[in-house]
Structures are given as C-alpha cells and as structure tokens.
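One structure is given below, encoded as structure tokens.
Predicted model only: the values in this text are computed from it and were never measured. Each ligand, and each atom within it, is numbered from 1 in the order the structure gives. Counting begins at 1 with the first residue of the sequence.
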Amino acid sequence: MSLGTEFVGGVAEGPVPFFTQARTFERLWPEISGRICDVFDNGKFSHGEQVGELETALAEYTGARRVVGVNSGTDALVLLLRALGVRSGDEVVVPAYSFIATATAVVLAGGTPVFADIDPATYALDPDEIARVATPRTRFVMPAHLFCRMADVDGINEVARDLALTVVEDSAEAIGMRHGGVHAGLHGAGGVLSFFPTKTLGALGDAGAVLTDDDHVADAVAALRHHGRVGRTLNDFPAISTETAMAGTNSKMDDIQAAILLAKLRHLDDDIARRAALAERYRAGLDGVVPLPDPGDAPVFYVQLIEVELRDALAEHLAERGIGTEVYYPAPLHLQPCFAAHGHRRGDFPRAETASARALALPLHADLEPEQVDGVCATIREFYAGRP
Ligand SMILES: *Cc1c(COP(=O)(O)O)cnc(C)c1O
C-alpha cells in the first residue's frame with residue numbers, strides 16, 4: 001500500500017503565522033508517509049507497534065528508564081498522579097501561573113491543587129513559596145517548566161525533602177530541557193510530555209507520554225491507560241481482559257501519531273538548534289526595545305516570550321500586520337472560574353498575576369525564517385517608537 005510521496009497539506013495563510021508545521025511536514029513527508037504506510041500494513045491503529053517503538057526511542061532520547069505513551073499531556077499528568085497514589089483530600093502544590101491543565105489534572109486525579117506564586121526569573125514555581133502554602137494534608141508538589149527553561153528543581157527538591165512531599169513535574173513543554181544532564185521529568189517521581197501539535201515535538205493531533213525511572217509507576221500508568229488491564233505486553237493482548245486490577249480509562253496513543261512522532265524525533269535536535277538561532281535573532285532584534293526574559297544556562301525554546309507594557313495593544317498592532325501572537329497564559333490559575341471555590345482574590349499571587357497581564361508569545365517554530373523574525377522585531381520597534 002502506498003500513500004504517495006507528495007505532500008498534499010495546505011500552506012498557512014498570512015505573512016507570519018504564530019504557528020505552522022506545513023513546511024516541516026512537506027520536508028519530512030517521505031519519512032512520515034513511509035511510517036504511516038507501516039501502520040496500515042501492520043493493521044493496528046491504537047496501542048500497537050509504532051507506539052512501542054516510540055516509547056523506546058523516547059526513553060533513549062530522554063534517558064528515562066520507562067516511557068508510557070498516552071492520549072495527551074493532560075492524561076499523562078492525571079494517570080501519573082493516580083499511579084503515584086493521589087487520594088481524595090491530598091493536596092498538590094502547583095504554580096499559580098501555568099497552562100490550566102497543570103491544576104485541573106490534580107482535580108481529575110482526585111486531589112486538591114494548592115496554588116503558590118512563581119519566580120519571575122523562571123516563570124515557574126518559586127521554591128521559597130512552597131512552605132507558605134503547604135498544610136499537613138500536602139503530599140505532592142508539581143512544578144511546571146515553561147517556555148524555554150526549567151523550574152529550580154534543586155531548590156524544589158530540597159524543600160520537598162524537608163516537607164516530605166513527592167515531586168511530580170509538569171514537563172509537558174520541556175522536551176529537550178535538561179538540568180545537570182538529567183532530562184526534565186526525571187528530577188522527582190516522574191514527569192510528562194505533550195505532543196500537542198504546537199509543542200516542540202508536535203503530532204498531528206493529541207498525544208502524550210509519562211516519563212519515570214520507577215517501574216511500579218510505569219506499570220500502573222500502562223495499566224490505567226488501558227482500562228486497568230495488567231500483565232499484557234503491547235503486542236500481545238486479547239480482545240477481552242480478565243485481569244482488570246483497577247478502574248482505568250481509555251488513554252491509548254494512536255499509532256498514526258506515534259509514526260509521525262518517530263519520524264520527527266530524529267530531527268528534534270536540529271529543530272531545537274534552529275529555534276535557538278531564531279531566539280538569538282529575536283534577542284538581537286529587540287535589544288533596547290523590550291527586555292527579553294533571561295533564558296538561563298541550557299534553554300530549549302518552546303516559546304519566545306516577551307513581557308511588556310501595553311501587551312494587548314501590541315498584540316493588536318502585530319495582528320493588523322499579519323503577525324500572530326498568543327497570550328501565555330491569559331489568567332492566573334487561582335483566578336480561573338473553575339477554582340472560585342478556593343476563594344482566592346486578585347493580589348494573592350502578585351507575580352503570577354503580573355506575568356498573566358504582561359506576557360506575550362511571539363512566533364517561534366521550525367518553519368519560521370530568520371527574515372520573518374526580523375519583520376516581527378521591526379514591527380515591535382515601530383509600535384514602541386515615539387512611546388515613552
Ligand atoms: C500543553 C501542556 C499541557 C497539556 O498537554 P496536552 O497534550 O495539550 O493535554 C500541560 N501542561 C503544560 C504546562 C502544557 O504546556
């Protein structure tokens with residue numbers, strides 16, 4: 001069977017879209033289509049051979065002892081927390097500024113998120129804030145690594161030891177990020193990856209994975225993603241299970257997504273280097289115009305953030321000129337309506353609130369050309385010219 005080697009997808013509209021992977025797919029289409037053909041030939045479209053191969057390849061890339069593929073980064077967080085034994089009444093300290101799933105995953109796993117403020121230098125959970133919000137019911141702490149650098153995992157681990165908390169990492173954005181040679185997600189009990197299309201390693205739909213060095217945790221996640229079934233290898237499970245040990249869910253990964261990710265993973269380090277060069281160009285182009293956040297020692301640019309006055313007016317100015325931006329993240333988590341019962345108010349976590357009000361993400365992806373970055377920088381300079 002053949003799908004042909006010509007790429008038939010569309011090319012994104014507009015001069016500088018916030019995100020597109022049309023050209024990446026065009027470039028990699030021979031590899032991707034070959035792998036997709038393997039899926040058709042193999043005939044198993046969910047939880048099959050390509051998923052197993054991807055898990056092995058990701059274990060090699062990250063250095064994790066075990067990688068378990070699931071349906072999304074959100075499911076990876078929920079199943080990881082469940083596998084670690086989060087129970088009703090357990091509190092999990094989370095940053096007040098992150099993607100909403102960092103906090104909602106805790107609720108879906110049966111726990112209670114407890115918010116803490118961020119360190120404005122990393123945009124991640126501030127280790128010094130954990131003890132301020134922890135109570136005798138607090139059992140876990142879950143930092144999120146955002147944009148281009150990791151949370152202060154050493155500081156967080158130290159506090160966690162003192163308070164006897166288990167560290168879980170929301171490393172959904174952090175593929176390729178390492179601290180002390182150890183990949184994000186492997187500094188505590190486990191972490192996750194998201195392969196949502198816009199992520200540094202993006203699929204053509206939803207997919208995610210759990211990373212852990214703990215076999216018990218990995219086995220539990222592998223069972224939970226598949227209706228709680230145990231004792232089955234990926235390629236050998238019967239249609240009807242007689243060994244359901246716990247109430248699981250259906251969070252299997254699609255093999256078509258796994259095939260796409262396997263093809264793209266081989267080029268991930270090139271993409272990361274390309275993103276770094278583009279980020280460097282932003283830094284040069286915006287020098288003296290807007291301050292760029294300090295990227296730290298070993299950045300991996302998932303997002304190029306700027307923090308600015310007049311954020312919304314700038315976004316509009318860029319949009320009118322065909323330049324896409326995104327607000328990461330528009331409301332701090334403690335002020336989201338779904339957490340109204342926590343009774344938080346504006347002012348409770350001022351640094352998270354400031355980031356939400358001022359942060360703007362600029363286009364940064366493997367399809368972006370250096371000249372497009374120059375254009376974005378020129379448009380930002382034009383916006384600020386003549387303003388105090
Ligand atoms: C993307 C993301 C998630 C969720 O991943 P999905 O695959 O979209 O479910 C969770 N946390 C953070 C910080 C993310 O950026």
Problem set entry | No-hydrogen, no-angle side-chain donor-acceptor test under 3.5 Å, D154 and H179 | yes
Write 'none' if nothing qualifies; otherwise put on separate lines each N/O atom of ligand 1 with a protein N/O atom under 3.5 Å away and their distance to 0.1 Å.
| residue | atom | partner | partner atom | Å |
| --- | --- | --- | --- | --- |
| ligand 1 | 5 (O) | S194 | OG | 3.3 |
| ligand 1 | 7 (O) | G73 | N | 2.7 |
| ligand 1 | 7 (O) | S194 | OG | 2.6 |
| ligand 1 | 9 (O) | G73 | N | 3.4 |
| ligand 1 | 9 (O) | T74 | N | 2.8 |
| ligand 1 | 9 (O) | T74 | OG1 | 2.5 |
| ligand 1 | 11 (N) | D170 | OD1 | 3.2 |
| ligand 1 | 11 (N) | D170 | OD2 | 2.7 |
| ligand 1 | 15 (O) | E173 | OE2 | 2.7 |
| ligand 1 | 15 (O) | K199 | NZ | 3.1 |

Problem set entry | Stepwise ring-ring contact (aromatic ring centres under 6.0 Å, His included) test for H342 and F115 | CA-CA 10 Å; H342 288 236; F115 301 105; 5.5 Å; yes
Exercise. Taking only residues two or more places apart in sequence or in another chain, which ones pass side chain to side chain donor-acceptor pair (under 3.5 Å) with D213?
Worked result: none
For this session: Report yes or no: is the cationic atom of R275 (NZ for Lys, CZ for Arg) closer than 6.0 Å to the six-membered ring centre of Y282, at no more than 45° off its axis?
Result: no
Exercise. Does the distance from a Lys or Arg side-chain N to an Asp or Glu carboxylate O, for K199 and E173, drop under 4.0 Å?
Worked result: no
Exercise. Does a salt bridge link R137 with D90, judged by any charged N lying under 4.0 Å from a carboxylate O?
Worked result: no
